[in-house]
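By convention in this document, chain letters (A, B, ...) are assigned in the order of the sequence lines, proteins followed by strands, and residues within each chain are numbered from 1.
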Protein chains: 2
Amino acid sequence: MEVKLPEFDSVFSIDCVIFGFDAGELKILLIERNEEPFKDWLALPGYIVEQNESIDTAAERILYELTGLRDLHMEQFHTFGEVNRHPQGRVITVAYYALIRINGQKELRPVTQYAKKAFWHPVNELPKLAFDHSEIFKTGFNKIRRRLSYQPIAFELLPEKFTLTQLQMLYEAILNKKLDKRNFRKKMLSYGFLKELDEKQKGVSYRAAKLYKFDKRKYTKIFQNELTTVES
Amino acid sequence: MEVKLPEFDSVFSIDCVIFGFDAGELKILLIERNEEPFKDWLALPGYIVEQNESIDTAAERILYELTGLRDLHMEQFHTFGEVNRHPQGRVITVAYYALIRINGQKELRPVTQYAKKAFWHPVNELPKLAFDHSEIFKTGFNKIRRRLSYQPIAFELLPEKFTLTQLQMLYEAILNKKLDKRNFRKKMLSYGFLKELDEKQKGVSYRAAKLYKFDKRKYTKIFQNELTTVES
DNA sequence: TTACATCGTGTTGAATATACACATTATCTT
DNA sequence: AAGATAATGTGTATATTCAACACGATGTAA
């Protein structure tokens, strides 16, 4: 080390926008804060990056500590660096998102004291969130919307077996518009990564729909072809 | 301030991937470093964010200091946060890109001592760069490639008046493939944001081509309509 | 005047996207 | 068991977009 890096009172943090889909509604994961500033406020799960961990690792750890959720594939989508976004000092935050299945089983249980609890909240009618988290959410939501229109990322939100109507409802929830049933089905099936199962929906009081499953192998094959990247 | 933020020996930095187009070639802006580490290496223009400036402001300042360029519209595209990406400590860097006109007039002249010089270098055959800058460049290049396929961002690289052939050559340089002349023209003109001028190319030893100009007003109108964003 | 280099232009067929309605099926109720 | 209910599952016609493809016109230079 020939030159010392300057020492500022500044830190990095991670905030996570985790989308889930349940009961026909799109939701995100919020925590209730148990720490100042913004104690008792609702906020995105987020915390400070340790000095010896990469930001991707930090994102996983932080989400786990605040919500008990693990092993989800998150991706960074934007970095927020306004000077006064944190009242206690300079904090630049890297925002990540993920789409996951809300599974009745999975309990949301913070493993640190920083969060009182973690829970799913519908994306419509979100309350005001701590810090600039409302803006972070909005940016993230717009990202996945746009992404959904050219990449089939919706499957990550659905249970393993799902009906085409469920899939369509999810698209409609994210894109916030009605889609045509026949055209939607035609298009989805034409991709070739939906596998029709020999099984039907259970427990509905009307004609049960066929269940489908997402064929990841075919999906990645198709998806890869669409990306042209430089390697050199 | 009730709780103090932790004090790590960690800093934010900004790195800029600035694209230009000249003599039919796509280029990026590099500097020759005048500081350890990586003294004398080629690198992307980049430096440390001050405590009292937002990252967007920092990006502008840093680019100016290292290259003399001002007032360009940069956008962040990714944040690099591996633990050991900087040999002197923990440095997380937010990468920005911009597309600009290389103007014969504009001198590239660093105003700080951190860079010995700044210059344009063709994106093909880039040498190994300092830090993880080769990777940052690659990520940025892939970003603009993908972006070019759904947003007409190429105009930012061309002189104010340009021919359709020049525009096509630029697309071909970025996308790295040949395009069909007639289809390309048809499509570009169909957008309606190209304004045909009453002027022709000068100084060529063959039939001169018509000059066009980019109509920013129409462009933004069309462009806005394509984005559906959430506001609430 | 001739050679050269690039400009500028249209059509056709294929693929994709859009608009649109009703008979079928399983369940529930009486 | 008959009828009501609620959602499933399916096809066609039209418009739009994309892809492939070649050559005469024009200006410059020798």
* Looking at NE2 of A:His133 and CD1 of A:Ile136, how far apart are the two atoms once the value is rounded to the nearest 0.5 Å? -> 4.5 Å
* Asked: Would you find more than 12 non-hydrogen atoms of other residues, nucleotides or ligands less than 6.0 Å from A:Glu156 atom CD?
  -> yes
* Asked: Among A:Arg33, A:Lys116, A:Lys117, which residue meets the salt bridge (charged side-chain N to carboxylate O under 4.0 Å, His left out) test with A:Asp40?
  -> A:Lys116
* **Atom pair distance, as rounded to whole Å: CE in A:Met188 and P in D:dT10** => 17 Å
* NZ of B:Lys178 versus P of D:dA19: gap in Å, rounded? -> 17 Å
* Name the residue closer to the 5' end of DNA chain C, choosing between B:Tyr212 and A:Lys187 according to the nucleotide with the nearest heavy atom. => B:Tyr212
* **Pair B:Arg146-A:Tyr150, side-chain hydrogen bond (donor to acceptor under 3.5 Å, both in side chains): steps then yes or no** => CA-CA 12 Å; B:Arg146 218 161 309 159; A:Tyr150 62 95; over 6 Å; no
* side-chain hydrogen bond (donor to acceptor under 3.5 Å, both in side chains): which pairs involve residues 157-170 of chain B, sequence neighbours left out? -> B:Lys161-B:Glu199, B:Thr165-B:Arg185, B:Gln168-B:Glu172
* **Nearest-Å distance for atom pair CZ/C1', residues B:Arg185 and D:dC21** => 16 Å
* Boundaries of the DNA chain C segment in contact with chain A, non-hydrogen, under 4.0 Å -> C:dT18 to C:dC28
* Would you mind reading off the bend of the helix from C:dT1-D:dA30 to C:dT30-D:dA1 from its two end axes, five pairs each, to 10 degrees? => 10°
* To do: For D:dG11, take OP1 and OP2 only and decide whether either is under 4.0 Å from a side-chain N or O of A:Arg182.
  => no
* **Pair B:Phe12 and A:Phe12, ring centroids less than 6.0 Å apart** => yes
* Want to settle it: does A:Ala208 or B:Ser205 sit nearer the 5' end of DNA chain D, counting the closest nucleotide to each? -> A:Ala208
* Using a heavy-atom cut-off of under 4.0 Å over every strand shown, decide if A:Lys186 touches base, sugar-phosphate, or nothing. => base
* Scan A:Thr165 against the nucleic acid and name what it touches under 4.0 Å (heavy atoms): base, sugar-phosphate only, or nothing. => sugar-phosphate
* To do: Can you tell me the distance, in whole Å, between the CG atom of B:Leu179 and the P atom of D:dA19?
  => 10 Å
* **A:Tyr64 vs A:Asp71, side-chain hydrogen bond (donor to acceptor under 3.5 Å, both in side chains): CA-CA, chis, key distance, verdict** => CA-CA 9 Å; A:Tyr64 172 66; A:Asp71 295 327; over 6 Å; no
* Asked: Please give, in whole Å, the distance from D:dA7 C1' to A:Tyr206 OH?
  -> 6 Å
* Using atom NZ of A:Lys181 as one end and atom C1' of D:dT12 as the other, report the distance to the nearest whole Å. => 18 Å
* To do: Would you please indicate yes or no on a ring centroid separation below 6.0 angstrom for B:Tyr219 and B:Phe214?
  => yes
* Distance in angstrom units between B:Phe184 CZ and D:dA20 C1', rounded -> 17 Å
* 5′-ward residue of the pair B:Asp180/B:Thr163 relative to DNA chain C -> B:Thr163
* Gap between atoms CZ and C1', on A:Arg207 and D:dA4 respectively (whole Å) -> 17 Å
* Asked: How long is the span from the CZ atom in B:Phe137 to the CG atom in B:Asn142, to the nearest 0.5 Å?
  -> 8.5 Å
